[in-house]
Number of protein chains: 2
Amino acid sequence: MATREDEPAPVRGVERIVRAAIEVIAERGFRGAATSEIARRAGVAEGTIFRHFKTKQLLLDHILEPFVERVLAPIAFRDVHRLIDSDEPEFADFLRVFARNRLEVARENLPALRIFLQEVPLSPELRAMVFRHIGRHIVPELLAVIRKYQARGQIRDDPPETVLRILMSVVGGYIVTRLAILPEYPWNDDLELERTIRVVTRGLAPD
Amino acid sequence: MATREDEPAPVRGVERIVRAAIEVIAERGFRGAATSEIARRAGVAEGTIFRHFKTKQLLLDHILEPFVERVLAPIAFRDVHRLIDSDEPEFADFLRVFARNRLEVARENLPALRIFLQEVPLSPELRAMVFRHIGRHIVPELLAVIRKYQARGQIRDDPPETVLRILMSVVGGYIVTRLAILPEYPWNDDLELERTIRVVTRGLAPD
DNA sequence: TGTCACGGTGAGTGAGCACTCACTTCAGGA
DNA sequence: TCCTGAAGTGAGTGCTCACTCACCGTGACA
């Protein structure tokens, strides 16, 4: 008999509210998401939301803060360090691991990512938070990785910032196309990523 | 004496309202932009807005429709045709003209572009409009251009769709970095674009 | 069994919003 | 000079929304 044992236990209380909020905000935007609608979808009374979160803004913070902490920060602290430490011999290997990892993280956090991208242009605090994480940690770490492969003669001597921009554009472009623009298309991720990696690797190879 | 002769004549009426609306909506998002605030910045009474636009939504449409028509459609009808017809001998030349043109168009329409990107995930009608323009015209035209350079042996035989995705990612990535993420950085557009074009051209070159 | 704390409830409230309408101003034509 | 219609005005209206509060049910513990 098909049991539901391995599914997560029915969610209740705060977690129900947070999940419903992520749903509604992702659909309608933060301003467009009414707390009454969030309550309805969470199956709780509207007052219950405000028992747990003093204001709607704090509910948004509660959604975005762990997103920034768990999704952006790990790039700097867990994954990038792991990638640097793993020290792939070939630049192409590094790129493959990096791209797959980013695609996976984006896929797992898609609704929160949507909300995040909606709010970034509207919220200076959020932008500051991102600059703290990305600007201070991720970017320098990734630049170091690029310099390493440059020192090994696997990447041409363009400025590392330029190289990084191209890498992020291509990986980001794939993720956006894959998850947002054409999610229904029957993608073969391995094949597409290999083709993409080959183009980038050749393009960045020294003469 | 410094006159203001070459500046546009003081804007009034509908145009004032539209400009103020673009400003406020770009800052606060569509829902966050109060018509009272738009009226205040336009220097008109709130009622005046509704004399010209039956609803706030129609004001948004009035901002976005010409954006889609004038900014997206021209890629298909004016610029892409011009690019195809101009028939640059080298793929790198095509890419250069294309990237510069896109950067220019994005720069000139930055506030409207911001609003557009804010609204796309929230509005199915807008997405449909985009698919009509981009999907039916721009994408096929650009694929044809790519096939042309493939036939000339200047681009490797990866699927044109993959090539297009990579091109759009790199050009889009530069535009986003340039205009949204680090607009204050002292960019040397020619230099950055040349480096980028070189990487892409080499990456896509046949063996 | 009485008491207490805690999570939950939902009608109610005030603020802010999109939108209306009765009125004013003014340019142009008869 | 008067009439007309278009453009503009801003106080007013009703609705939606975030947020409050007095109350409820339950389980733990004396």
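Quick caveat: nothing in here was measured; it's all calculated off a predicted structure. Residue numbers start from 1 in every chain, and the chains themselves are labelled A, B, ... in the order their sequence lines are given, proteins ahead of strands.
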Got a sec, which residues hit ring pair (Phe, Tyr, Trp, His ring centres under 6.0 Å) with A:F30, two or more places apart in sequence or on another chain? none

What is the distance, rounded to the nearest whole Å, between atom [atom1] of [X] and atom [atom2] of [N]?
X     : N      : atom1 : atom2 : answer
B:E37 : C:dA18 : CD    : C1'   : 15 Å
B:E15 : D:dA7  : CD    : P     : 15 Å
A:K54 : D:dT20 : NZ    : P     : 6 Å
A:R16 : C:dG8  : CZ    : C1'   : 13 Å
A:R40 : D:dA18 : CZ    : C1'   : 17 Å
A:I17 : C:dT9  : CD1   : C1'   : 12 Å
A:L58 : D:dA18 : CG    : P     : 14 Å
A:F50 : C:dG12 : CZ    : C1'   : 14 Å

Mind checking salt bridge (charged side-chain N to carboxylate O under 4.0 Å, His left out) for A:R31 and listing every partner two or more places apart, or none if nothing turns up? none

Can you check whether B:H52 has a side-chain N or O nearer than 4.0 Å to OP1 or OP2 of D:dA6? no

Quick check on side chain to side chain contact (heavy atoms under 4.5 Å, CB included): which of A:V171, A:L95, A:V170 does A:I197 satisfy it with? A:L95

Annotated protein contacts, base or backbone, on nucleotides 9-17 of chain D with a non-hydrogen cut-off under 4.0 Å, one of B, S, - each: BB-------

If you look only at pairs with a residue in residues 51-60 of chain B, which of them pass as a side-chain hydrogen bond (donor to acceptor under 3.5 Å, both in side chains), with sequence neighbours excluded? B:Q57-B:D61

Who pairs with B:D93 by side chain to side chain donor-acceptor pair (under 3.5 Å), at least two apart in sequence or on another chain? B:R96

Could you pull out all donor-acceptor pairs under 3.5 Å where a side-chain atom in residues 40-50 of chain B meets a protein atom, sequence neighbours excluded?
residue	atom	partner	partner atom	Å
B:R40	NE	B:E37	OE1	3.4
B:R40	NH2	B:E37	OE1	3.4
B:R40	NH2	B:E37	OE2	3.3
B:R41	NE	B:E37	OE2	3.0
B:R41	NH1	B:E23	OE1	2.7
B:R41	NH1	B:E27	OE2	3.1
B:R41	NH2	B:E27	OE1	2.9
B:R41	NH2	B:E37	OE2	3.2
B:E46	OE2	B:T35	OG1	2.8
B:T48	OG1	B:A45	O	3.2

